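Okay, here's the structure, questions in a sec.
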Number of protein chains: 2
Amino acid sequence: MANFIQFVNELSKLDKQATDELTNKLHTKTIQKGAYLLENGEKCRKIFFIDQGLVKTYFNGKDKAFIMKFFPENSMFTVLDSYIQITVSNYTILALETTTTTFIYKSDLEALCTKHHSIETFFRKLVSYTSINMMKRISEMLEENATERYNHFLKEHSQLLQRISLGDLANYLGITQVSLSRIRAKK
Amino acid sequence: MANFIQFVNELSKLDKQATDELTNKLHTKTIQKGAYLLENGEKCRKIFFIDQGLVKTYFNGKDKAFIMKFFPENSMFTVLDSYIQITVSNYTILALETTTTTFIYKSDLEALCTKHHSIETFFRKLVSYTSINMMKRISEMLEENATERYNHFLKEHSQLLQRISLGDLANYLGITQVSLSRIRAKK
DNA sequence: ATGATTTTTTATCATTTGTAAAAAGATTTG
DNA sequence: CAAATCTTTTTACAAATGATAAAAAATCAT
(Lines give C-alpha, C1' and ligand atoms only; values in the text may rest on other atoms or scores of the structure.)
Protein backbone atom coordinates (compact mmCIF):
# COMPACT_ATOMS: atom_id res chain seq x y z
CA MET A 1 0.00 0.00 0.00
CA ALA A 2 2.52 2.55 1.21
CA ASN A 3 5.02 1.35 -1.38
CA PHE A 4 2.50 1.71 -4.20
CA ILE A 5 2.05 5.36 -3.24
CA GLN A 6 5.78 5.85 -2.90
CA PHE A 7 6.34 4.37 -6.33
CA VAL A 8 3.76 6.75 -7.81
CA ASN A 9 5.28 9.76 -6.14
CA GLU A 10 8.74 8.93 -7.35
CA LEU A 11 7.43 8.95 -10.89
CA SER A 12 5.18 11.98 -10.55
CA LYS A 13 4.52 13.93 -7.37
CA LEU A 14 0.86 13.91 -6.32
CA ASP A 15 -0.83 16.49 -4.12
CA LYS A 16 -2.33 15.35 -0.82
CA GLN A 17 -5.91 15.23 -2.09
CA ALA A 18 -5.00 13.03 -5.04
CA THR A 19 -2.83 10.82 -2.84
CA ASP A 20 -5.65 10.25 -0.38
CA GLU A 21 -8.21 9.43 -3.04
CA LEU A 22 -5.79 7.10 -4.74
CA THR A 23 -4.97 5.37 -1.46
CA ASN A 24 -8.67 4.78 -0.87
CA LYS A 25 -8.96 2.81 -4.07
CA LEU A 26 -6.09 0.41 -3.48
CA HIS A 27 -6.55 -3.28 -2.69
CA THR A 28 -4.07 -5.79 -1.38
CA LYS A 29 -3.96 -9.49 -2.02
CA THR A 30 -1.51 -12.29 -1.33
CA ILE A 31 -1.37 -15.33 -3.58
CA GLN A 32 0.57 -18.53 -3.22
CA LYS A 33 3.43 -19.65 -5.43
CA GLY A 34 1.94 -21.28 -8.49
CA ALA A 35 -1.32 -19.31 -8.34
CA TYR A 36 -2.48 -16.86 -10.99
CA LEU A 37 -2.84 -13.12 -10.75
CA LEU A 38 -4.45 -13.16 -14.18
CA GLU A 39 -5.61 -16.28 -15.97
CA ASN A 40 -5.50 -16.81 -19.69
CA GLY A 41 -8.72 -15.56 -21.25
CA GLU A 42 -9.50 -12.99 -18.57
CA LYS A 43 -9.59 -9.27 -19.22
CA CYS A 44 -6.94 -7.43 -17.28
CA ARG A 45 -8.80 -4.72 -15.38
CA LYS A 46 -6.10 -3.86 -12.87
CA ILE A 47 -2.73 -2.25 -12.48
CA PHE A 48 -0.54 -4.26 -10.16
CA PHE A 49 2.25 -3.33 -7.83
CA ILE A 50 4.36 -6.12 -6.36
CA ASP A 51 5.00 -5.54 -2.68
CA GLN A 52 6.76 -8.82 -2.17
CA GLY A 53 7.44 -11.88 -4.27
CA LEU A 54 7.90 -12.51 -7.98
CA VAL A 55 5.61 -13.10 -10.94
CA LYS A 56 6.07 -13.80 -14.63
CA THR A 57 3.84 -12.76 -17.51
CA TYR A 58 3.67 -15.16 -20.43
CA PHE A 59 1.54 -15.95 -23.45
CA ASN A 60 0.68 -19.28 -24.96
CA GLY A 61 2.15 -19.70 -28.40
CA LYS A 62 1.26 -22.39 -30.90
CA ASP A 63 2.92 -25.21 -29.05
CA LYS A 64 4.68 -23.61 -26.14
CA ALA A 65 4.50 -20.58 -23.86
CA PHE A 66 6.73 -17.51 -24.06
CA ILE A 67 7.71 -15.31 -21.16
CA MET A 68 7.29 -11.60 -21.70
CA LYS A 69 8.75 -10.41 -18.43
CA PHE A 70 9.50 -11.09 -14.78
CA PHE A 71 8.26 -8.65 -12.15
CA PRO A 72 9.88 -8.76 -8.70
CA GLU A 73 8.99 -6.61 -5.70
CA ASN A 74 8.68 -2.91 -6.37
CA SER A 75 7.48 -3.35 -9.95
CA MET A 76 4.31 -1.78 -11.29
CA PHE A 77 2.71 -3.23 -14.39
CA THR A 78 -0.38 -4.46 -16.17
CA VAL A 79 -1.10 -6.51 -19.28
CA LEU A 80 -1.18 -3.45 -21.42
CA ASP A 81 -3.04 -4.55 -24.52
CA SER A 82 -5.81 -6.15 -22.53
CA TYR A 83 -5.97 -3.22 -20.11
CA ILE A 84 -6.07 -0.49 -22.74
CA GLN A 85 -8.21 -2.20 -25.35
CA ILE A 86 -10.37 -4.09 -22.83
CA THR A 87 -9.82 -7.32 -24.72
CA VAL A 88 -9.38 -10.86 -23.59
CA SER A 89 -5.75 -11.37 -22.78
CA ASN A 90 -3.39 -13.83 -24.36
CA TYR A 91 -1.27 -13.33 -21.32
CA THR A 92 -1.20 -15.04 -17.98
CA ILE A 93 0.34 -13.70 -14.79
CA LEU A 94 1.72 -16.47 -12.61
CA ALA A 95 3.31 -16.18 -9.18
CA LEU A 96 6.76 -17.77 -9.11
CA GLU A 97 6.91 -17.10 -5.38
CA THR A 98 4.24 -16.36 -2.83
CA THR A 99 3.42 -12.80 -3.77
CA THR A 100 1.75 -9.83 -2.14
CA THR A 101 0.36 -7.30 -4.56
CA THR A 102 -1.33 -3.94 -4.20
CA PHE A 103 -3.57 -3.13 -7.13
CA ILE A 104 -6.11 -0.66 -8.40
CA TYR A 105 -9.01 -1.31 -10.73
CA LYS A 106 -8.98 0.32 -14.12
CA SER A 107 -12.44 1.81 -13.55
CA ASP A 108 -11.22 3.50 -10.38
CA LEU A 109 -8.00 4.70 -11.93
CA GLU A 110 -9.83 6.11 -14.96
CA ALA A 111 -12.14 8.05 -12.70
CA LEU A 112 -9.14 9.38 -10.78
CA CYS A 113 -7.38 10.28 -14.02
CA THR A 114 -10.37 12.32 -15.09
CA LYS A 115 -10.59 14.08 -11.77
CA HIS A 116 -6.90 14.61 -11.03
CA HIS A 117 -4.66 15.80 -13.79
CA SER A 118 -1.66 14.76 -11.68
CA ILE A 119 -2.77 11.14 -11.68
CA GLU A 120 -3.17 11.15 -15.42
CA THR A 121 0.36 12.53 -15.64
CA PHE A 122 1.60 9.73 -13.46
CA PHE A 123 -0.10 7.17 -15.66
CA ARG A 124 1.34 8.71 -18.80
CA LYS A 125 4.81 8.48 -17.31
CA LEU A 126 4.28 4.90 -16.23
CA VAL A 127 3.33 3.89 -19.75
CA SER A 128 6.20 5.94 -21.16
CA TYR A 129 8.79 4.12 -19.09
CA THR A 130 7.22 0.79 -19.91
CA SER A 131 7.57 1.69 -23.54
CA ILE A 132 11.19 2.73 -23.16
CA ASN A 133 11.96 -0.62 -21.54
CA MET A 134 10.32 -2.49 -24.38
CA MET A 135 12.31 -0.45 -26.86
CA LYS A 136 15.49 -1.53 -25.08
CA ARG A 137 14.37 -5.14 -25.15
CA ILE A 138 13.75 -4.97 -28.90
CA SER A 139 17.12 -3.41 -29.59
CA GLU A 140 18.81 -6.07 -27.49
CA MET A 141 17.01 -8.81 -29.34
CA LEU A 142 18.12 -7.30 -32.63
CA GLU A 143 21.71 -6.56 -31.73
CA GLU A 144 22.77 -9.24 -29.31
CA ASN A 145 23.20 -12.96 -29.83
CA ALA A 146 22.08 -15.46 -27.22
CA THR A 147 25.36 -15.38 -25.29
CA GLU A 148 25.33 -11.61 -25.12
CA ARG A 149 21.68 -11.53 -24.06
CA TYR A 150 22.48 -14.00 -21.28
CA ASN A 151 25.41 -11.94 -20.04
CA HIS A 152 23.32 -8.82 -20.27
CA PHE A 153 20.63 -10.43 -18.13
CA LEU A 154 23.23 -11.50 -15.58
CA LYS A 155 24.49 -7.96 -15.37
CA GLU A 156 21.09 -6.28 -15.12
CA HIS A 157 19.21 -8.83 -13.05
CA SER A 158 21.80 -10.83 -11.16
CA GLN A 159 19.52 -11.06 -8.11
CA LEU A 160 16.78 -12.67 -10.21
CA LEU A 161 19.02 -15.47 -11.42
CA GLN A 162 18.74 -17.20 -8.06
CA ARG A 163 14.97 -16.98 -8.13
CA ILE A 164 13.96 -18.18 -11.58
CA SER A 165 14.58 -21.52 -13.26
CA LEU A 166 17.04 -21.73 -16.13
CA GLY A 167 14.18 -23.03 -18.25
CA ASP A 168 12.26 -19.82 -17.66
CA LEU A 169 15.36 -17.74 -18.26
CA ALA A 170 16.06 -19.51 -21.56
CA ASN A 171 12.46 -18.95 -22.58
CA TYR A 172 12.70 -15.25 -21.74
CA LEU A 173 15.92 -14.96 -23.73
CA GLY A 174 14.26 -16.60 -26.72
CA ILE A 175 16.40 -19.75 -26.79
CA THR A 176 16.00 -23.35 -25.68
CA GLN A 177 17.09 -24.59 -22.31
CA VAL A 178 19.66 -26.80 -24.01
CA SER A 179 21.11 -23.83 -25.77
CA LEU A 180 21.32 -21.86 -22.52
CA SER A 181 23.04 -24.80 -20.86
CA ARG A 182 25.62 -24.82 -23.64
CA ILE A 183 26.21 -21.10 -23.23
CA ARG A 184 26.71 -21.48 -19.50
CA ALA A 185 29.07 -24.43 -19.99
CA LYS A 186 31.35 -22.45 -22.30
CA LYS A 187 32.34 -19.85 -19.68
CA MET B 1 -1.37 19.91 -40.38
CA ALA B 2 -5.00 18.96 -40.79
CA ASN B 3 -4.06 15.29 -40.72
CA PHE B 4 -2.09 15.70 -37.50
CA ILE B 5 -5.20 17.10 -35.85
CA GLN B 6 -7.36 14.39 -37.32
CA PHE B 7 -5.00 11.72 -36.01
CA VAL B 8 -5.15 13.22 -32.54
CA ASN B 9 -8.92 13.40 -32.56
CA GLU B 10 -9.26 9.81 -33.64
CA LEU B 11 -7.24 8.78 -30.61
CA SER B 12 -8.82 11.18 -28.17
CA LYS B 13 -11.41 13.81 -28.94
CA LEU B 14 -10.23 17.37 -28.20
CA ASP B 15 -12.45 20.34 -27.52
CA LYS B 16 -12.26 23.31 -29.88
CA GLN B 17 -10.09 25.42 -27.58
CA ALA B 18 -7.50 22.69 -27.18
CA THR B 19 -7.60 21.95 -30.90
CA ASP B 20 -6.95 25.57 -31.78
CA GLU B 21 -4.08 25.96 -29.37
CA LEU B 22 -2.56 22.72 -30.55
CA THR B 23 -2.89 23.76 -34.19
CA ASN B 24 -1.06 26.99 -33.41
CA LYS B 25 1.96 25.08 -32.21
CA LEU B 26 2.39 22.82 -35.21
CA HIS B 27 5.22 23.17 -37.71
CA THR B 28 5.63 21.62 -41.12
CA LYS B 29 8.80 20.65 -42.87
CA THR B 30 9.68 18.74 -46.00
CA ILE B 31 12.97 16.92 -46.27
CA GLN B 32 14.55 15.15 -49.19
CA LYS B 33 15.10 11.44 -49.49
CA GLY B 34 18.33 10.59 -47.68
CA ALA B 35 18.10 13.57 -45.32
CA TYR B 36 17.74 13.27 -41.55
CA LEU B 37 14.82 14.21 -39.38
CA LEU B 38 16.98 13.47 -36.35
CA GLU B 39 20.71 12.94 -36.44
CA ASN B 40 22.63 10.60 -34.22
CA GLY B 41 23.68 12.43 -31.06
CA GLU B 42 20.84 14.96 -31.11
CA LYS B 43 18.20 15.13 -28.44
CA CYS B 44 14.76 14.39 -29.82
CA ARG B 45 12.61 17.34 -28.80
CA LYS B 46 9.71 16.77 -31.15
CA ILE B 47 6.80 14.53 -31.87
CA PHE B 48 6.48 13.87 -35.57
CA PHE B 49 3.55 13.12 -37.79
CA ILE B 50 4.28 11.91 -41.32
CA ASP B 51 2.00 13.65 -43.82
CA GLN B 52 3.67 12.10 -46.81
CA GLY B 53 6.67 9.92 -47.40
CA LEU B 54 8.50 7.31 -45.38
CA VAL B 55 11.20 7.31 -42.71
CA LYS B 56 13.08 4.71 -40.75
CA THR B 57 14.42 4.93 -37.20
CA TYR B 58 17.63 3.05 -36.51
CA PHE B 59 20.44 2.88 -34.00
CA ASN B 60 24.12 2.22 -34.56
CA GLY B 61 25.25 -1.03 -33.03
CA LYS B 62 28.83 -2.11 -32.51
CA ASP B 63 29.57 -2.71 -36.15
CA LYS B 64 26.30 -2.22 -37.94
CA ALA B 65 23.02 -0.35 -37.69
CA PHE B 66 19.68 -1.84 -36.65
CA ILE B 67 16.30 -0.63 -37.76
CA MET B 68 13.74 -0.12 -35.03
CA LYS B 69 10.79 0.78 -37.23
CA PHE B 70 9.48 2.22 -40.47
CA PHE B 71 6.99 5.08 -40.36
CA PRO B 72 4.94 5.78 -43.50
CA GLU B 73 2.37 8.55 -43.98
CA ASN B 74 -0.18 8.89 -41.20
CA SER B 75 2.20 7.69 -38.49
CA MET B 76 2.86 9.65 -35.34
CA PHE B 77 6.00 8.91 -33.36
CA THR B 78 9.07 10.19 -31.56
CA VAL B 79 12.29 8.68 -30.30
CA LEU B 80 10.78 7.88 -26.98
CA ASP B 81 13.76 7.42 -24.68
CA SER B 82 15.41 10.60 -25.88
CA TYR B 83 12.13 12.51 -25.79
CA ILE B 84 11.08 11.41 -22.31
CA GLN B 85 14.44 11.38 -20.60
CA ILE B 86 15.86 14.33 -22.57
CA THR B 87 18.98 12.35 -23.35
CA VAL B 88 21.16 12.20 -26.40
CA SER B 89 19.66 9.70 -28.77
CA ASN B 90 21.28 6.56 -30.09
CA TYR B 91 18.68 6.71 -32.79
CA THR B 92 18.63 8.38 -36.14
CA ILE B 93 15.57 9.21 -38.21
CA LEU B 94 16.28 9.00 -41.93
CA ALA B 95 13.93 9.78 -44.80
CA LEU B 96 13.67 6.85 -47.21
CA GLU B 97 11.52 9.01 -49.48
CA THR B 98 11.04 12.74 -49.72
CA THR B 99 8.95 13.30 -46.64
CA THR B 100 6.64 15.99 -45.35
CA THR B 101 6.21 16.02 -41.62
CA THR B 102 4.10 18.03 -39.21
CA PHE B 103 5.65 18.22 -35.78
CA ILE B 104 5.30 19.83 -32.39
CA TYR B 105 8.05 20.69 -29.93
CA LYS B 106 8.12 18.89 -26.64
CA SER B 107 8.19 22.19 -24.74
CA ASP B 108 4.99 23.30 -26.47
CA LEU B 109 3.28 19.97 -26.02
CA GLU B 110 4.19 19.85 -22.33
CA ALA B 111 2.71 23.28 -21.81
CA LEU B 112 -0.45 22.18 -23.61
CA CYS B 113 -0.58 18.99 -21.56
CA THR B 114 -0.48 21.01 -18.37
CA LYS B 115 -3.16 23.37 -19.58
CA HIS B 116 -5.50 20.91 -21.29
CA HIS B 117 -6.28 17.67 -19.60
CA SER B 118 -7.62 16.36 -22.92
CA ILE B 119 -4.24 16.79 -24.58
CA GLU B 120 -2.52 14.91 -21.79
CA THR B 121 -5.05 12.14 -22.29
CA PHE B 122 -4.25 12.05 -25.98
CA PHE B 123 -0.56 11.78 -25.23
CA ARG B 124 -1.12 9.01 -22.73
CA LYS B 125 -3.05 7.07 -25.34
CA LEU B 126 -0.41 7.65 -27.99
CA VAL B 127 2.27 6.22 -25.72
CA SER B 128 -0.04 3.36 -24.73
CA TYR B 129 -0.56 2.26 -28.31
CA THR B 130 3.14 2.62 -29.03
CA SER B 131 3.75 0.33 -26.11
CA ILE B 132 1.19 -2.22 -27.28
CA ASN B 133 2.87 -2.33 -30.67
CA MET B 134 6.26 -2.91 -29.12
CA MET B 135 4.79 -5.69 -27.00
CA LYS B 136 3.55 -7.33 -30.19
CA ARG B 137 6.94 -6.96 -31.80
CA ILE B 138 8.63 -8.64 -28.84
CA SER B 139 6.20 -11.54 -28.83
CA GLU B 140 6.71 -12.00 -32.55
CA MET B 141 10.46 -12.01 -32.13
CA LEU B 142 10.14 -14.64 -29.41
CA GLU B 143 7.61 -16.87 -31.09
CA GLU B 144 8.28 -16.65 -34.81
CA ASN B 145 11.28 -17.79 -36.81
CA ALA B 146 12.67 -15.68 -39.64
CA THR B 147 10.35 -17.14 -42.28
CA GLU B 148 7.30 -16.54 -40.13
CA ARG B 149 8.38 -13.00 -39.31
CA TYR B 150 8.83 -12.30 -43.02
CA ASN B 151 5.38 -13.65 -43.86
CA HIS B 152 3.92 -11.71 -40.98
CA PHE B 153 5.48 -8.52 -42.30
CA LEU B 154 4.10 -9.23 -45.77
CA LYS B 155 0.66 -9.66 -44.34
CA GLU B 156 0.72 -6.58 -42.13
CA HIS B 157 2.71 -4.19 -44.30
CA SER B 158 2.36 -5.43 -47.87
CA GLN B 159 2.29 -1.86 -49.19
CA LEU B 160 5.64 -1.10 -47.57
CA LEU B 161 7.40 -3.97 -49.29
CA GLN B 162 7.51 -2.02 -52.54
CA ARG B 163 9.02 0.99 -50.82
CA ILE B 164 11.85 -0.36 -48.69
CA SER B 165 14.95 -2.28 -49.74
CA LEU B 166 15.21 -5.95 -48.88
CA GLY B 167 18.39 -5.10 -47.01
CA ASP B 168 16.43 -2.79 -44.73
CA LEU B 169 13.66 -5.34 -44.36
CA ALA B 170 16.15 -8.07 -43.42
CA ASN B 171 17.70 -5.73 -40.90
CA TYR B 172 14.30 -4.95 -39.38
CA LEU B 173 13.52 -8.65 -39.18
CA GLY B 174 16.80 -9.31 -37.44
CA ILE B 175 18.39 -11.46 -40.13
CA THR B 176 20.98 -10.95 -42.87
CA GLN B 177 20.06 -9.86 -46.34
CA VAL B 178 21.35 -13.17 -47.68
CA SER B 179 19.15 -15.08 -45.30
CA LEU B 180 16.09 -13.11 -46.38
CA SER B 181 16.91 -13.80 -49.99
CA ARG B 182 16.96 -17.52 -49.21
CA ILE B 183 13.61 -17.31 -47.48
CA ARG B 184 12.10 -15.54 -50.46
CA ALA B 185 13.59 -18.06 -52.89
CA LYS B 186 12.01 -20.99 -51.06
CA LYS B 187 8.40 -19.98 -51.69
C1' DA C 1 21.74 4.56 -73.96
C1' DT C 2 25.82 3.36 -71.34
C1' DG C 3 28.70 2.96 -67.68
C1' DA C 4 28.75 3.04 -62.68
C1' DT C 5 26.61 1.94 -58.54
C1' DT C 6 23.54 -0.46 -55.73
C1' DT C 7 20.65 -4.31 -54.75
C1' DT C 8 19.57 -9.04 -54.94
C1' DT C 9 20.59 -13.77 -55.71
C1' DT C 10 23.38 -17.92 -55.60
C1' DA C 11 26.85 -20.96 -53.76
C1' DT C 12 29.96 -22.71 -50.23
C1' DC C 13 31.38 -23.51 -45.70
C1' DA C 14 31.33 -22.50 -40.63
C1' DT C 15 28.68 -21.68 -36.61
C1' DT C 16 24.70 -21.47 -33.93
C1' DT C 17 20.54 -23.22 -32.47
C1' DG C 18 16.91 -26.77 -32.29
C1' DT C 19 15.21 -31.55 -31.30
C1' DA C 20 15.25 -35.72 -28.90
C1' DA C 21 16.76 -38.76 -25.58
C1' DA C 22 19.39 -39.97 -21.71
C1' DA C 23 21.93 -39.03 -17.55
C1' DA C 24 22.87 -36.48 -13.50
C1' DG C 25 21.43 -33.47 -9.82
C1' DA C 26 18.13 -31.34 -6.84
C1' DT C 27 13.74 -31.09 -4.54
C1' DT C 28 9.46 -32.73 -2.78
C1' DT C 29 6.57 -35.88 -0.54
C1' DG C 30 4.78 -39.93 1.59
C1' DC D 1 14.80 -42.47 4.03
C1' DA D 2 13.36 -43.63 -0.51
C1' DA D 3 10.47 -43.05 -4.34
C1' DA D 4 8.79 -39.79 -7.32
C1' DT D 5 9.13 -35.52 -9.59
C1' DC D 6 11.29 -31.70 -11.43
C1' DT D 7 15.36 -29.27 -13.16
C1' DT D 8 19.64 -29.05 -15.39
C1' DT D 9 23.24 -30.87 -18.12
C1' DT D 10 25.12 -33.70 -21.70
C1' DT D 11 25.29 -35.99 -26.11
C1' DA D 12 24.31 -36.81 -30.95
C1' DC D 13 22.31 -35.38 -34.99
C1' DA D 14 19.51 -32.19 -37.97
C1' DA D 15 18.08 -27.69 -39.46
C1' DA D 16 18.58 -22.80 -39.67
C1' DT D 17 21.32 -18.91 -40.02
C1' DG D 18 25.63 -16.33 -40.65
C1' DA D 19 29.90 -15.00 -43.22
C1' DT D 20 32.05 -14.47 -47.36
C1' DA D 21 32.64 -14.18 -52.18
C1' DA D 22 31.04 -13.75 -56.65
C1' DA D 23 27.57 -13.38 -60.21
C1' DA D 24 23.34 -11.47 -61.87
C1' DA D 25 19.88 -8.03 -61.94
C1' DA D 26 18.15 -3.62 -61.15
C1' DT D 27 18.70 1.25 -60.58
C1' DC D 28 20.87 5.69 -61.16
C1' DA D 29 23.49 9.43 -63.21
C1' DT D 30 25.36 11.57 -67.01
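Note that the structure is a prediction, hence the values are computed from the model and not measured. Order of the sequence lines sets the chain letters (A, B, ...), proteins ahead of strands, with each chain counted from 1.
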Rounded to the nearest Å, what distance is computed from the CG atom of residue B:L161 to the C1' atom of nucleotide C:dT7?
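About 14 Å, once rounded to whole Å.
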Rounded to whole Å, how long is the line connecting atom CG of B:L96 with atom P of C:dT6?
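For the pair B:L96 CG and C:dT6 P, the rounded distance is 16 Å.
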Tell me if the aromatic rings of B:F4 and B:F103 count as close, with their centers under 6.0 Å from one another.
no
Side chains of A:D168 and A:F70: does their closest heavy-atom pair fall under 4.5 Å?
yes
Same apolar cluster (I L V M F W Y, side chains within < 4.5 Å links), B:Y105/B:F77:
yes
Does B:D168 or A:Q177 map to a spot on DNA chain C nearer the 5' end, using the closest nucleotide for each?
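The residue whose closest nucleotide sits nearer the 5' end is B:D168.
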Here the distance between atom P of D:dT8 and atom OH of A:Y150, to the nearest Å, is 11 Å
Using whole Å, what does the distance between atom P of nucleotide D:dT8 and atom CG of A:L166 come to?
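A:L166 atom CG is separated from D:dT8 atom P by 4 Å.
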I'd like to know whether the aromatic ring centres of A:F153 and A:Y172 sit less than 6.0 Å apart in this structure.
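Yes, they do, as the ring centres are separated by less than 6.0 Å.
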Quick one: A:I164 CD1 to D:dT8 C1', roughly how many Å, whole number?
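So the two atoms are 14 Å apart, to the nearest Å.
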Taking the six-membered ring for Trp and the single ring otherwise, decide whether the centroids of B:F7 and B:F49 are under 6.0 Å apart.
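That pair passes the under 6.0 Å test.
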Expressed as a whole number of angstroms, how long is the span from A:L169:CG to D:dT7:P?
14 Å
Please give, in whole Å, the distance from C:dG18 C1' to A:L173 CG?
16 Å
Quick check: on DNA chain C, is the nucleotide nearest A:K33 upstream (toward 5') of the one nearest B:G167, or the reverse? Name the residue that is more 5'.
B:G167
Protein and nucleotides 13-20 of chain D: nitrogen or oxygen contacts under 3.5 angstrom:
{"from": "D:dT17", "atom 1": "OP1", "to": "B:A146", "atom 2": "N", "distance (Å)": "3.3"}
{"from": "D:dG18", "atom 1": "OP2", "to": "B:T176", "atom 2": "N", "distance (Å)": "3.3"}
{"from": "D:dG18", "atom 1": "OP2", "to": "B:T176", "atom 2": "OG1", "distance (Å)": "3.4"}
{"from": "D:dG18", "atom 1": "OP2", "to": "B:S179", "atom 2": "OG", "distance (Å)": "3.3"}
{"from": "D:dG18", "atom 1": "N7", "to": "B:R182", "atom 2": "NH2", "distance (Å)": "2.7"}
{"from": "D:dG18", "atom 1": "O6", "to": "B:R182", "atom 2": "NH1", "distance (Å)": "3.2"}

A:I31 side chain reached by A:L37 side chain, heavy atoms, under 4.5 Å:
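A side-chain contact under 4.5 Å exists here.
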Whole Å only: how far is the CG atom of A:N171 from the P atom of C:dT19?
12 Å
